[in-house]
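In this chain, residues are counted from 1 in sequence order. This one's a predicted model, so the numbers in the text were calculated from it and none came from an experiment.
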Amino acid sequence: MKTILLIRHAKSDWPEGVEDFDRPLTEIGEENAPRMANFLKNKSVNIDTFISSPAKRAQDTCALFSKVFDKNFSTEHQLYNAREQHFENVIYGLPKDSNCVAIFSHNNGISNFANYLTDEIINLPTCGVAAYQVDCEDWSDFEMANKKFLYFYSPKNI
């Protein structure tokens, strides 16, 4: 069994003259990301692998989570403006020994992908986390594997 966590970046700002890709987190976003990460860690969620969109707000959110879990993270360009196929492409390339993976991306893509996985309808708010159990031994079998919704958390309900 594998577990995948889909995490939308924390609350971000829209400063004038800053491109979408370079948008920073707000103060609330900088507070919510480690708070959500600590909440998951206290629930004994053990994340092996952290992968983020390279956009600043997603990467900063991932960095705050990975610091709490004392893990490194990587970025994947396909996770910026991602569609379902982009998420799957990233998942297929995951190492077999990664059992719990956190993927940081953006709406609408990340919510669309969450809704594609199971019948559970989710609209991920900023710093929202949706988790799924995937019945496979190797991530290359992701597409055909049975998937089960596990939980959804947002900064407002923790």
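At least one donor-acceptor pair closer than 3.5 Å links the side chain of Arg57 to the backbone N or O of Asp20. With hydrogens and angles disregarded, a donor-acceptor distance shorter than 3.5 Å links the side chain of Asn157 to the backbone of Ser154. No donor-acceptor pair under 3.5 Å is formed between the side chain of Glu19 and the backbone N or O of Phe21. Ser52 places a side-chain N or O within donor-acceptor distance of the main-chain N or O of Ala58, the cut-off being under 3.5 Å. Not a single donor-acceptor pair under 3.5 Å links the side chain of Asp22 to the backbone N or O of Lys56. Listed for the Lys2 side chain is a donor-acceptor partner under 3.5 Å among the backbone atoms of Lys96. Put simply, the side chain of Thr61 gets close to the backbone of Ala10: a donor and an acceptor are under 3.5 Å apart.
Val134 and Val45 are not part of a single hydrophobic cluster, where members link through side-chain heavy atoms under 4.5 Å apart. One hydrophobic cluster holds both Ile4 and Ile110 under the rule that ILVMFWY side chains link at heavy-atom gaps under 4.5 Å. Residue Ile47 is not grouped with residue Tyr132 when hydrophobic side chains (ILVMFWY) are merged at heavy-atom distances under 4.5 angstrom, including chains of intermediate members. In this structure, Leu94 is a member of the same hydrophobic cluster as Tyr116, with clusters built from ILVMFWY side-chain heavy atoms closer than 4.5 Å. Using a 4.5 Å cut-off between side-chain heavy atoms of Ile, Leu, Val, Met, Phe, Trp and Tyr, with links allowed through other members, Ile158 and Ile7 fall into the same hydrophobic cluster.
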task: Could you go through the side-chain hydrogen bond (donor to acceptor under 3.5 Å, both in side chains) check for His106 and Ser53 one step at a time?
output: CA-CA 8 Å; His106 315 266; Ser53 156; 2.8 Å; yes
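In this structure, Met36 and Val129 approach most closely via the heavy-atom pair CG-CG2, 3.8 Å. The two residues Lys71 and Asp48 come nearest to each other via the heavy atoms CD-O, 4.2 Å. The shortest heavy-atom contact between Ala55 and Tyr80 is CB-CD1, 3.7 Å. Heavy atoms only, all atoms of each residue included: Val101 and Ile51 are closest at CG1-CD1, 4.4 Å. Residues Val68 and Lys41 share a closest heavy-atom pair of O-NZ, 2.9 Å.
Looking at Lys43 and Tyr153, their side chains come closer than 4.5 Å, going by heavy atoms from C-beta outward. Put simply, the side chain of Asn107 reaches to within 4.5 Å of the side chain of Asn123, judged on heavy atoms. Annotation: side chain of Tyr151 is in contact with side chain of Leu5 (closest heavy-atom distance under 4.5 Å). The shortest distance between side-chain heavy atoms of Ile103 and Ile91 falls below 4.5 Å. Contact check for Asn115 versus Ile122: side-chain heavy atoms found under the 4.5 Å cut-off. When side chains are defined from C-beta on, Leu124 counts as touching Phe152, because their heavy atoms get closer than 4.5 Å.
Scored by the side chain to side chain donor-acceptor pair (under 3.5 Å) test, Gln133 finds no partners at all (sequence neighbours excluded). Partners of Ala82 under the side chain to side chain contact (heavy atoms under 4.5 Å, CB included) rule, at least two apart in sequence or in another chain, are His86, Phe87, Ser105. With sequence neighbours excluded, no residue forms a side chain to side chain donor-acceptor pair (under 3.5 Å) with Lys147.
In the displayed structure, Asn42 atom CG is contacted under 6.0 Å by more than 12 heavy atoms of other residues, nucleotides or ligands. Heavy-atom neighbours of Gln85 CD from other residues, nucleotides or ligands within 6.0 Å: above the threshold of 12.
Interatomic distance, OG1 of Thr118 versus CD1 of Ile121, reported as 7.5 Å (0.5 Å rounding). Atom CG of Leu117 sits about 11.0 Å away from atom CG of Asn112, to the nearest 0.5 Å. Atoms CZ and SG, on Phe39 and Cys127 in that order, are 12.0 Å from each other to the nearest 0.5 Å. The distance from atom CG of Leu6 to atom CG of Leu79, rounded to the nearest 0.5 Å, is 10.0 Å. Here OG of Ser98 is found 10.5 Å from CG of Asp138. Values are rounded to the nearest 0.5 Å. To the nearest 0.5 Å, the span separating NZ on Lys11 from CG on Leu25 amounts to 11.0 Å.
Arg35 and Asn38 share no donor-acceptor pair across their side chains, judged by distance under 3.5 Å alone.
Taking the six-membered ring wherever Trp is involved, the centroid distance between the rings of Phe50 and Phe65 does not fall below 6.0 Å.
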